[in-house]
Amino acid sequence: MSKSVSLPPLGVIVSVNGDIAQVGMYSKTNDASILWDGKLLNGPKVGTFLTINQNDIKIIATVISEEIIDQQNNNHSEQFDNRFHSNSINRIITLKTQGVIENNSFKTTSKYVPMIGNEIFLISQEDIDLIYDTNANSVSIGKSIKENNDIKIPIDSFFASHIGIFGNTGSGKSNTLHKLYSELFKKFKRTQMIEKSKFFVIDFNGEYTQPNQFNIDGKNKQVFNIDTNNKENTDKIPIDEKYLFDSDILAVLFDAKPGVQKPFLDSALNEFKRTSPDKLAKSQEKLFAKLILKYKDLAILNSWLDIFRKYNIESNLISLLKVGLKNDDYTFLTLSYQNDTLIHKGIFNSKKQELKDDLFNSMKERYINLSKLDQLHLFLDLKKISVTINKLVNIEHINPLFKRIDISLNSLKSVIKLTPQNNEENFCENVKIDTNCSTKQFKFLNIINLVNANLETKRTLSMLISKMIYDNQKRKSIKSDKPKSTCHLIIDEAHNILNDNYSHNSDNSQDYRLSTFEEIIKEGRKFGFFLTLASQRPADISPTIISQLHNFVIHRLVNQNDLHILESTMSTLDNFSFKQLPSLGQGEAIITGTAIQLPTLVKIDKEDIRPKSDDISLISLWKKEEV
């Protein structure tokens, strides 16, 4: 049994119904304050802890309600109504048992039930410390509102889990997210932690980009500022090329429909992966032969030439064709092959030229110098011409797809840098800094700042990064009996990418995004991959994802849909704590989950360096400056 202090008995249990007990208060403890041993003590009130001594254990209970009963006066006359005088009333408080203190430790259990006739006592400071488990392997988060005790979070059971941080705008959730990980990094700022773990923060509002934020300096932290409006100065995120050149990923990016567009994309991608510059150039020579010698389709020929203009591919043959089309001189349609050589007349002035080799070399040289994304873009454009000529696909069915391809690839290539397939053992270390400094390398802590990115880029990058780092962690973990490293993905304003409302409107990208994160949250823990989600709208996040979270920090929530989703998925949140959510003040939160013995009402500490999310003061803004 823990060390105890002499405290007054408050009353006696008069009824028991499961884990609910009613207590009749003694006359000397009826008041809000109790004078005991020369000290003025606070009496029990709703939300506070009390102890019930039962043999050699202490049952810990919380007060969930109270009422008074007038025992002497029953006169209902207005003139002679003497009810509710201090000498005639008795308090009745209702308790809910939470667990026991046994062998100098607190544990939640339903094994022990209070008995009628047991006395109840105020709880001692020693017992409160046992309940909050203030051991060395924990980090400080704030103080309990009821008892003003330091609240510490156990590192192993809390951070090695999926975490949800929820609250309305201005309730303090961004400060909480920052406080949690700042304290973690402060406690374990050592080489071992940096070598064994990686942290990625997807920051939609640019709140975590200040120097020394999270108590991590620039040596171990990398901030990627993504700006789709300023493509010259935006940072580029290193993406393993195999994650982009995946048929499912591309189908999502391009919103390829399943009927014709998805099969076309799958076939084209498989061919692209096998195509060398020589093969591509050779295929275009054959394509040109079909255009001129067989089909003589000027519309398709113009489309083919537009592709060469688009990618700045020049050759003598292309120049001559441009001149012919410009001057409405179509005598080049008399071109023919003799001895594997292209023979021409008309605008070619009857001069024999080996224009075939000229085109071959121009195509090959230009293709080699293109980025991998532009190579894919060029290949898809040329493939469109090929399937049109061969009548393999109705052009009207794939034209909408190519409009989306142009938009997606043009947006992506300004913000990502494709890297060769990495050695998964040294994933983050293998991404080297680009010579023009537009591509940075991943470090111990990585902040992806998307405040200046357009909506499509936000969703695309979030999905690519998440899937890439999850698959990498999964591969490494599968090779050993248990994970030898961890990866932590932190997403602020998570409703931006995990909203399941779109999935009912044939949004393929949303379906894929949700399935990716649902796999992560279902399977990630056993691979050492942990997810932290912060959001002001938990109701907008997929219920499957919410239901798989293990620990919660919940700030003020007033929307009934948000409250309902938490009530239906959080088994560790009792009814009394749940009812407090709409009335919590700024910075106040309820912490609950598998790592927390009891739901705890806490005031989160504020740090000097914190997220850029403080409320603006209009008085300070408008106040006249002193001259």
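Computed over heavy atoms, backbone and side chain alike; hydrogens, waters and symmetry mates excluded.
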> Mind checking whether Ile153 and Ser138 have side chains closer than 4.5 Å, heavy atoms only?
Replying inline: no
Side chain of Thr97, backbone of Gly99: donor and acceptor closer than 3.5 Å?
no
Exercise. Less than 4.5 Å apart, any side-chain heavy atom of Ile497 and any of Phe204?
Worked result: yes
- Query: Is the backbone of Ile249 close enough, under 3.5 Å, to the side chain of Asp246 for a donor and an acceptor to pair up by distance?
  - Reply: yes
Value for NZ (Lys146) from NZ (Lys45), rounded to nearest 0.5 Å, stands at 6.0 Å
>> Between Phe199 and Phe444, does the ring-ring contact (aromatic ring centres under 6.0 Å, His included) criterion hold? Intermediate values first, please.
In response: CA-CA 6 Å; Phe199 292 79; Phe444 166 69; 5.3 Å; yes
Interatomic distance, CG@Asn561 vs CZ@Arg537, rounded to 0.5 Å, equals 6.5 Å
Self-check item: Glu523/Lys526 ion pair, N-O < 4.0 Å
Solution: yes
Between Leu514 and Ser542, the two heavy atoms sitting closest are CD2-CB, 4.1 Å
Looking at side-chain heavy atoms only, is the closest gap between Leu412 and Leu253 below 4.5 Å?
-> yes
Check whether any side-chain heavy atom of Val63 lies under 4.5 Å from a side-chain heavy atom of Phe49, and answer yes or no. no
Before we go on, tell me: are the rings of Phe159 and Phe530 under 6.0 Å apart, centre to centre?
no
- prompt: Does a side chain donor of either Ser171 or Asn168 reach within less than 3.5 Å of an acceptor in the other side chain?
  reply: no
Original post:
Is a side-chain donor or acceptor of Asn137 paired with a backbone partner of Pro154 at a separation under 3.5 angstrom?
Top reply: no
* Show your working on salt bridge (charged side-chain N to carboxylate O under 4.0 Å, His left out) between Glu588 and Arg556 and close with a plain yes or no. => CA-CA 8 Å; Glu588 297 178 352; Arg556 182 181 67 251; over 6 Å; no
Residues Gly170 and Gln586: closest non-hydrogen pair is O-NE2, 3.0 Å
Which of Asp203, Thr209, Asn446 passes side chain to side chain contact (heavy atoms under 4.5 Å, CB included) with Phe224? Answer is Asn446
Which of Ile554, Ile591, Ile590 passes side chain to side chain contact (heavy atoms under 4.5 Å, CB included) with Pro599? Answer is Ile590
Test side-chain contact (heavy atoms from CB on, under 4.5 Å) on Phe529 and Lys474 and set out the steps. CA-CA 8 Å; Phe529 191 95; Lys474 181 178 178 180; over 6 Å; no
Which of Tyr208, Tyr181, Phe442 passes ring pair (Phe, Tyr, Trp, His ring centres under 6.0 Å) with Phe200? It is Phe442
Rounding to 0.5 Å, atoms OG (Ser105) and CD1 (Ile131) come to a distance of 11.5 Å
Heavy-atom nearest pair, His495 first then Ser535, reads ND1-OG, 2.8 Å
As a quick check of understanding, evaluate side-chain hydrogen bond (donor to acceptor under 3.5 Å, both in side chains) for Asp19 and Gln98, giving each step before the final call. CA-CA 8 Å; Asp19 60 353; Gln98 302 289 0; over 6 Å; no
Applying ring-ring contact (aromatic ring centres under 6.0 Å, His included) to Phe552 and not counting sequence neighbours gives none
Please list every donor-acceptor pair under 3.5 Å in which a side-chain atom of residues 461-470 meets a protein atom from a residue at least two apart or in another chain.
unit_1, atom_1, unit_2, atom_2, d
Ser462, OG, Lys458, O, 2.6
Ser466, OG, Ser462, O, 2.6
Lys467, NZ, Asp471, OD2, 3.4

Between the CD atom in Glu567 and the CG atom in Asp562, the distance rounded to the nearest 0.5 Å is 12.5 Å
Lys/Arg-Asp/Glu bridge criterion (N-O < 4.0 Å) met for Lys522, Glu519: no
Result for side chain to side chain contact (heavy atoms under 4.5 Å, CB included) between Leu533 and one of Ile165, Ile163, Leu498 points to Leu498
Rounded to the nearest 0.5 angstrom, the NE2-NZ distance for His488 and Lys198 is 10.5 Å
Checklist entry - Looking only at atom types and distance, does a side-chain atom of Thr569 sit under 3.5 Å from a main-chain N or O of Ile565, one as donor and one as acceptor? => result yes
| query | Within a radius of less than 6.0 Å around CG of Asp156, do more than 12 heavy atoms belonging to other residues, nucleotides or ligands occur? | reply | no
- prompt: For Tyr243, does its backbone N or O pair with a side-chain atom of Asp240 as donor and acceptor, under 3.5 Å?
  reply: no
Asn551 side chain to Ser157 backbone, donor-acceptor under 3.5 Å = yes
Tightest non-hydrogen contact, residues Lys443 and Lys221, listed as CD-O, 3.6 Å
Rounded to the nearest 0.5 Å, the CD1 atom of Ile60 sits from the OG1 atom of Thr108 at a distance of 12.0 Å
| request: Taking Thr600 for its side chain and Leu598 for its backbone only, find out whether a donor-acceptor pair lies under 3.5 Å. | output: yes
message = Using a 3.5 Å distance criterion without hydrogens, assess whether the side chain of Glu102 forms a donor-acceptor pair with backbone atoms of Ile57.
response = no
Between Thr228 and Thr457, is any side-chain donor less than 3.5 angstrom from a side-chain acceptor?
no
Exercise. Could you please spell out the steps behind the side-chain contact (heavy atoms from CB on, under 4.5 Å) verdict for Ile604 and Ile141?
Key: CA-CA 6 Å; Ile604 308 295; Ile141 184 69; 3.6 Å; yes
message: I'd like to check Val139 versus Lys152 (side-chain heavy atoms, cut-off strictly below 4.5 Å). Are they in contact?
response: no
- Cationic N near anionic O, under 4.0 Å, Lys187 to Glu183: no
Does Lys143 form a side-chain contact (heavy atoms from CB on, under 4.5 Å) with Asp150? I'd like the steps, not just the answer. CA-CA 4 Å; Lys143 291 187 177 295; Asp150 286 335; 2.5 Å; yes
Check: Can any side-chain N or O of Ser547 pair as donor or acceptor with the backbone N or O of Pro543 at less than 3.5 Å?
Finding: yes
Any donor-acceptor pair under 3.5 Å linking the side chain of Asn496 with the backbone of Glu493? yes
* Asked: Going by heavy atoms in the side chains, are Leu180 and Phe185 under 4.5 Å from each other?
  -> no
Hey, are the side chains of Met570 and Thr592 touching, using non-hydrogen atoms and a 4.5 Å cut-off?
yes
Any side-chain heavy atom of Leu50 within less than 4.5 Å of one from Ile123? no
Nearest heavy-atom approach of Gly206 to Asn449 is CA-OD1, 3.2 Å
Tightest non-hydrogen contact, residues Ile226 and Asp235, listed as CD1-O, 3.3 Å
- request: Go through the steps to decide whether His162 and Arg525 satisfy the test side-chain contact (heavy atoms from CB on, under 4.5 Å), and finish with yes or no.
  value: CA-CA 8 Å; His162 300 313; Arg525 190 174 186 178; 4.2 Å; yes
